[in-house]
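Inspection log for the structure reproduced underneath, given as structure tokens.
Throughout, protein chains are lettered first and strands after them, A, B, ... in sequence-line order, and every chain is numbered starting at 1. Side chains are part of it too, since the values below use all heavy atoms of this structure and drop only hydrogens, waters and symmetry mates.
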Number of protein chains: 2
Amino acid sequence: MTETSQQDASNEPSPEAQEVWELLIELSASRMRQRFSRTIAELQLSPPQAHALRQLEPGQPLPMRDLACGLACDASNVTGIADRLEKRGLVERQVSPSDRRVKTLVVTPAGVVTRERLLALLHQVPAPIATLSAGEQRLLRDVLRRILDTPDEQG
Amino acid sequence: MTETSQQDASNEPSPEAQEVWELLIELSASRMRQRFSRTIAELQLSPPQAHALRQLEPGQPLPMRDLACGLACDASNVTGIADRLEKRGLVERQVSPSDRRVKTLVVTPAGVVTRERLLALLHQVPAPIATLSAGEQRLLRDVLRRILDTPDEQG
DNA sequence: TATTGTTATACTCTATAACTATA
DNA sequence: TATAGTTATAGAGTATAACAATA
């Protein structure tokens, strides 16, 4: 077994960075995933439906094309997702005034209610974070902000 | 608004804790999700197939029931997921010696190769984490460890 | 010609319920 | 009787390719 570094991008990450990343994967794949699943099940939303609702800010019509991009899926899928949300009365299709090829989605009043319940549930701070000390919370917040501000060149 | 800095289980979380949680959601839903999708697409694995492969440690037969639990899905789904992995020669079904009702899954040699490539890709530390200072990395690691060690009573 | 949304197709995942073979 | 895995079914997500309307 040779000592091949798996990082073609020049140097190896520190063991601490490695562990940080694996802890984040663990957190995301287990706890956060469970919580998300439980939440959307409660509102009887599928994952893409929930993600779509999350992106549809009230009063801001979103072109279906853009939603496809936000959902990271092919545009053809958005037709069905929008169909089902529309059938439940949560969103509405509108033709864009500026480009008649474009259809936008807007949350209905009922959609706003569901969206707000969804966000309220999703954003409920889990105990393991709420019980960190004030100092730890600040530090964690600052580091996470920096991580999200740093572009990721597909490491 | 009262000056709640500590959590009595019924109190509001601090604004810092709130932001930490929302930053984690953002990180998980955008960056980590994209990276996971790109990775499994490269290996032509579906999300549940990748999760299954991740859980199948070489040389450790896993009852299909347990895999269903690990995937957080109904047991009936595992049949199809295992079928497709088996058809690709990545896993094998074995009858448990201790209980002939139970079938276990084991990664084949080819499966081990794919699994290792998967893990190597998934675990590549993204630039935004690799470029944190050594102090920040240690701090982040310690806080994440604590978060994962703290039980989450469905906040 | 290029783009937007739709449709058709094929595959996968998902839960539910009924079935089998073991225990 | 209870449990593990399978099958049947129905619904939803996914990408690809072809299509209509619009630009």
Side-chain angles (χ1 to χ4, degrees), chain A residues 29 33-34 36-56 61-88 90-106 114, chain B residues 29 33-34 36-56 61-88 90-106 114:
Chain A
R33 189 179 178 221
Q34 272 178 30
F36 180 73
S37 296
R38 251 186 289 135
T39 300
I40 65 174
E42 205 170 317
L43 299 177
Q44 292 178 287
L45 293 169
S46 70
Q49 282 168 11
H51 283 300
L53 216 47
R54 221 163 61 88
Q55 285 177 59
L56 286 168
L62 186 71
M64 294 178 71
R65 205 83 193 171
D66 296 0
L67 180 56
C69 185
L71 295 177
C73 72
D74 190 86
S76 63
N77 298 316
V78 177
T79 299
I81 294 167
D83 280 349
R84 291 178 273 275
L85 286 174
E86 198 167 32
K87 195 152 73 176
R88 277 181 59 178
L90 302 179
V91 308
E92 249 182 20
R93 268 177 245 241
Q94 288 176 358
V95 176
S96 170
S98 53
D99 184 339
R100 296 220 309 268
R101 290 174 303 179
V102 174
K103 285 181 195 161
T104 59
L105 297 179
V106 207
T114 300
Chain B
R33 188 175 177 227
Q34 273 179 31
F36 180 74
S37 296
R38 250 186 290 134
T39 299
I40 65 174
E42 205 170 315
L43 299 177
Q44 292 177 285
L45 294 168
S46 70
Q49 282 168 11
H51 283 300
L53 216 47
R54 221 162 61 87
Q55 285 176 58
L56 285 168
L62 187 70
M64 294 178 71
R65 206 83 194 170
D66 296 0
L67 180 56
C69 185
L71 295 177
C73 72
D74 189 85
S76 63
N77 298 317
V78 177
T79 299
I81 294 166
D83 281 348
R84 291 177 274 275
L85 286 174
E86 197 167 31
K87 195 152 73 176
R88 277 181 60 178
L90 302 179
V91 308
E92 248 182 20
R93 268 177 246 242
Q94 288 177 356
V95 176
S96 169
S98 52
D99 185 338
R100 295 219 311 269
R101 291 173 302 179
V102 175
K103 285 181 194 160
T104 59
L105 297 179
V106 206
T114 300

So salt bridge (charged side-chain N to carboxylate O under 4.0 Å, His left out) across residues 71-80 of chain A, not counting sequence neighbours, yields none
Going 5' to 3' along nucleotides 9-14 of chain D, which nucleotides have protein heavy atoms under 4.0 Å from the base (write B), which only from the sugar-phosphate (write S), and which from neither (write -)?
---SSB
Using the salt bridge (Lys or Arg N to Asp or Glu O under 4.0 Å) criterion, which residues pair with B/D83? Sequence neighbours excluded.
B/R93
Sequence neighbours excluded, the answer for side chain to side chain contact (heavy atoms under 4.5 Å, CB included) partners of B/R54 is A/I25, A/A29, B/H51, B/L119, B/L122
For D/dT7, does the base pair up with any side-chain atom of B/T79 as donor and acceptor (N or O, under 3.5 Å, distance only)?
no
A/E92: which residues meet the salt bridge (Lys or Arg N to Asp or Glu O under 4.0 Å) condition with it, sequence neighbours left out?
none
Contacts of type salt bridge (Lys or Arg N to Asp or Glu O under 4.0 Å), residue A/R101, not counting sequence neighbours
A/D99
Could I get the full list of side-chain hydrogen bond (donor to acceptor under 3.5 Å, both in side chains) partners for B/S37, not counting sequence neighbours?
none
Identify each atom pair where a protein N or O and an N or O of nucleotides 18-23 of chain D are less than 3.5 Å apart, giving names and distance.
{"residue": "D/dA23", "atom": "OP1", "partner": "A/R100", "partner atom": "N", "Å": "3.0"}

Give A/S96 one of three labels, base, sugar-phosphate or nothing, depending on what nucleic acid heavy atoms sit under 4.0 Å from its own.
nothing
What residues, two or more places apart in sequence or in another chain, satisfy side chain to side chain contact (heavy atoms under 4.5 Å, CB included) together with A/A72?
none
Using chain A heavy atoms and a threshold of under 4.0 Å, write down where along DNA chain C the contacts begin and end, 5' to 3'.
C/dA2 to C/dT7
Test side chain to side chain contact (heavy atoms under 4.5 Å, CB included) applied to B/L62 and B/L56, step by step
CA-CA 7 Å; B/L62 187 70; B/L56 285 168; 3.7 Å; yes
Quick one: side chain to side chain contact (heavy atoms under 4.5 Å, CB included) partners of B/R88, sequence neighbours excluded?
B/Q44, B/L45, B/Q49, B/L90
